Undergrad: 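Sharing a structure, written as structure tokens. Questions coming.
Chain letters run A, B, ... following the sequence lines, proteins first and then strands; every chain starts at 1. Just so it is clear, the model here is predicted, and its values are computed rather than measured.
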Protein chains: 2
Amino acid sequence: MDSTAKPKSAAQARADFIEKTGVIVQSEGLPRIAGRVLALLLYDGERVSFGQLAEALQVSRGSISSSVRLLETQQLIKRVAEPGDRQDYFQIAPSAFPNLIEASVLRMRRAAADIEETLGEIPVTEAGSRQRVAEFVRYYHAMTEAMTETAQHLRRRP
Amino acid sequence: MDSTAKPKSAAQARADFIEKTGVIVQSEGLPRIAGRVLALLLYDGERVSFGQLAEALQVSRGSISSSVRLLETQQLIKRVAEPGDRQDYFQIAPSAFPNLIEASVLRMRRAAADIEETLGEIPVTEAGSRQRVAEFVRYYHAMTEAMTETAQHLRRRP
DNA sequence: CAATGTGTTCAGTTGATATTGAACAACATT
DNA sequence: AATGTTGTTCAATATCAACTGAACACATTG
């Protein structure tokens, strides 16, 4: 292998990016198809119709439906109307990455609240356990704070 | 429900914490048993034997074996010897949470490198796509940087 | 009205991974 | 040596979420 980058055809690079992002997103715990949809919309930038997504990714319309719903709720993509076309169109959200971080922060906050609740149920006699569980809570607080700042930072310089 | 915390029995709080952490960790993509092992060791703080883990969590020894191996590689727990006892003992690692972050950072760096590689393959004519994919790379860099700082911060004030 | 096109829902299937449990190797004890 | 313990491995199984595809509701068009 050469160490310098070798530009392939545009179509090949696009396909690579979509598949690669699919597996990365999958390893992050999200459905693979959602990752591929997101990658396609990020790469293309412009509006892509519901039908085009199903066709381009070779998956069922049901999968597209649930994937775009998931991505919409996390504000990673938005559904837009194309005048004179009955189909739904989608495009990457303006600040998709900051929103991705915010979604993750939300999940962490829920987990932190869950742990904090348990912390309140540990008898005060269990000083050591309380301290270690509190450390767990501190971990979450530090993470959500740092990630929120990062999201804001990326929003400022998109 | 009352808004004030209600301390239950120590055993109950411990069991709650272990199960709760198990499902949280599972939602993060790790095996549930590994999460329960980690929670038990965090709660107890002291050394717990291989056999005690299997007994307390009511799972097979095979599961304990693979779980502790996973947790060891991520430096979340450490295997220690108890003089005069043939069994392996385990206890929570000194800076488990920072190490947890570092492990996550490592995964992100790998993903970022993967995406950067693809970026080099996109023809320069695809200016818009290149820019948006570069944004993806920037997201990863910002995240790994922030998380590394957070890990260091937690390490300083454990 | 019938026929076509669109997105959603959901029961069933598939596929990936966690978990089990038996076989095993290594070692200690009798 | 024989027996018992301990941790690992691996094939079989269980589990769980993703995905499919058909049924559906709704809208548009002819």
Side-chain angles (χ1 to χ4, degrees), chain A residues 18-41 47-74 76-91 103 107, chain B residues 18-41 47-74 76-91 103 107:
Chain A
I18 292 173
E19 293 313 315
K20 220 170 247 186
T21 304
V23 308
I24 288 174
V25 164
Q26 183 171 38
S27 79
E28 304 280 345
L30 289 171
R32 177 151 155 260
I33 290 184
R36 298 207 292 152
V37 167
L38 188 65
L40 190 155
L41 294 177
R47 299 168 174 202
V48 179
S49 76
F50 189 100
Q52 285 175 323
L53 287 175
E55 170 63 21
L57 301 178
Q58 284 292 304
V59 297
S60 71
R61 290 184 304 150
S63 282
I64 297 296
S65 179
S66 65
S67 291
V68 295
R69 180 156 40 88
L70 175 67
L71 295 171
E72 273 183 293
T73 62
Q74 307 213 0
L76 305 182
I77 68 174
K78 54 180 186 178
R79 191 181 301 239
V80 296
E82 189 79 2
D85 193 334
R86 269 211 291 147
Q87 275 190 86
D88 288 355
Y89 278 73
F90 301 90
Q91 74 181 349
R107 280 195 303 276
Chain B
I18 291 173
E19 293 313 317
K20 219 170 250 188
T21 304
V23 308
I24 289 175
V25 164
Q26 183 170 38
S27 79
E28 303 281 344
L30 290 172
R32 177 150 155 260
I33 292 182
R36 298 206 292 151
V37 168
L38 188 64
L40 190 155
L41 293 177
R47 301 169 173 202
V48 179
S49 77
F50 190 101
Q52 285 174 324
L53 287 174
E55 170 62 22
L57 303 178
Q58 284 294 301
V59 296
S60 69
R61 290 183 304 147
S63 282
I64 297 295
S65 178
S66 65
S67 290
V68 295
R69 180 156 40 89
L70 175 66
L71 295 171
E72 273 183 292
T73 62
Q74 306 215 0
L76 304 181
I77 68 175
K78 55 180 186 178
R79 191 182 301 239
V80 295
E82 190 79 3
D85 193 333
R86 267 210 295 145
Q87 276 191 89
D88 288 356
Y89 279 74
F90 300 90
Q91 74 181 346
R107 280 195 303 275

Undergrad: Decide yes or no for L70(A) and P31(A): does some side-chain heavy atom of the first lie under 4.5 Å from some side-chain heavy atom of the second?
TA: yes
Undergrad: What's the CZ-P distance between R36(A) and dA18(D), to the nearest Å?
TA: 15 Å
Undergrad: What N/O pairs connect the protein and nucleotides 1-5 of chain D at under 3.5 Å? Give each pair on its own line.
TA:
residue	atom	partner	partner atom	Å
dT5(D)	O4'	R86(B)	NH2	3.0
dT5(D)	O2	R86(B)	NH1	2.9
dT5(D)	O2	R86(B)	NH2	3.3

Undergrad: Do you know the tightest heavy-atom contact between R36(A) and G22(A)?
TA: CG-CA, 3.8 Å
Undergrad: Starting at CG of L41(B), measure out to CZ of F90(B) and round the result to the nearest 0.5 Å.
TA: 8.5 Å
Undergrad: Could you state the CD1-P distance from I64(A) to dA18(D), rounded to the nearest angstrom?
TA: 15 Å
Undergrad: Please tell me if the side chains of V48(A) and V37(A) come closer than 4.5 Å, counting only heavy atoms from C-beta onward.
TA: no
Undergrad: Report the distance from atom CG of L70(B) to atom P of dT9(D), rounded to the nearest whole Å.
TA: 14 Å
Undergrad: Go through R47(A) and K78(A) one step at a time and tell me if the side-chain contact (heavy atoms from CB on, under 4.5 Å) criterion holds.
TA: CA-CA 10 Å; R47(A) 299 168 174 202; K78(A) 54 180 186 178; over 6 Å; no
Undergrad: Is any side-chain nitrogen or oxygen of R79(B) closer than 4.0 Å to OP1 or OP2 of dT6(D)?
TA: no
Undergrad: Rounded to the nearest 0.5 Å, what's the gap from OG on S66(B) to CG on L71(B)? Could you check?
TA: 9.5 Å
Undergrad: With nearest nucleotides of DNA chain C determined for R69(A) and D85(A) from heavy-atom distances, which residue corresponds to the more 5′ nucleotide?
TA: D85(A)
Undergrad: Scan nucleotides 19-23 of chain D against the protein and return all N/O pairs shorter than 3.5 Å with their distances rounded to 0.1 Å.
TA:
residue	atom	partner	partner atom	Å
dC19(D)	OP1	I33(A)	N	3.4
dT20(D)	OP2	S60(A)	N	3.2
dT20(D)	OP2	S60(A)	OG	3.2
dT20(D)	OP2	S63(A)	OG	2.6

Undergrad: Looking only at heavy atoms, which two atoms of T21(A) and A39(A) are closest? And how far apart?
TA: CB-CB, 3.6 Å
Undergrad: Whole-Å distance between dA18(D) P and L71(A) CG?
TA: 13 Å
Undergrad: Stepwise, does the side-chain contact (heavy atoms from CB on, under 4.5 Å) test hold for I77(A) with E72(A)?
TA: CA-CA 5 Å; I77(A) 68 174; E72(A) 273 183 293; 4.2 Å; yes
Undergrad: I'd like to know whether R32(B) forms a side-chain contact (heavy atoms from CB on, under 4.5 Å) with V23(B), so could you lay out the CA-CA distance, the side-chain angles of the two residues, the decisive distance to 0.1 Å, and finally the verdict.
TA: CA-CA 6 Å; R32(B) 177 150 155 260; V23(B) 308; 4.3 Å; yes
Undergrad: To the nearest 0.5 angstrom, please state how far the CG atom of L38(B) sits from the CD1 atom of I18(B).
TA: 10.5 Å
Undergrad: Here's a test for you: under side chain to side chain contact (heavy atoms under 4.5 Å, CB included), which of D88(A), V59(A), L40(A) qualifies with L53(A)?
TA: L40(A)
Undergrad: Specify the residues of residues 47-55 of chain B, ordered by number, for which at least one heavy atom lies under 4.0 angstrom from an atom of DNA chain D.
TA: F50(B)
Undergrad: Starting at CG of L30(B) and ending at C1' of dT19(C), how long is that distance when rounded to a whole Å?
TA: 15 Å
Undergrad: For the pair made of CD1 in I77(A) and C1' in dG7(C), what is the distance, rounded to whole Å?
TA: 14 Å
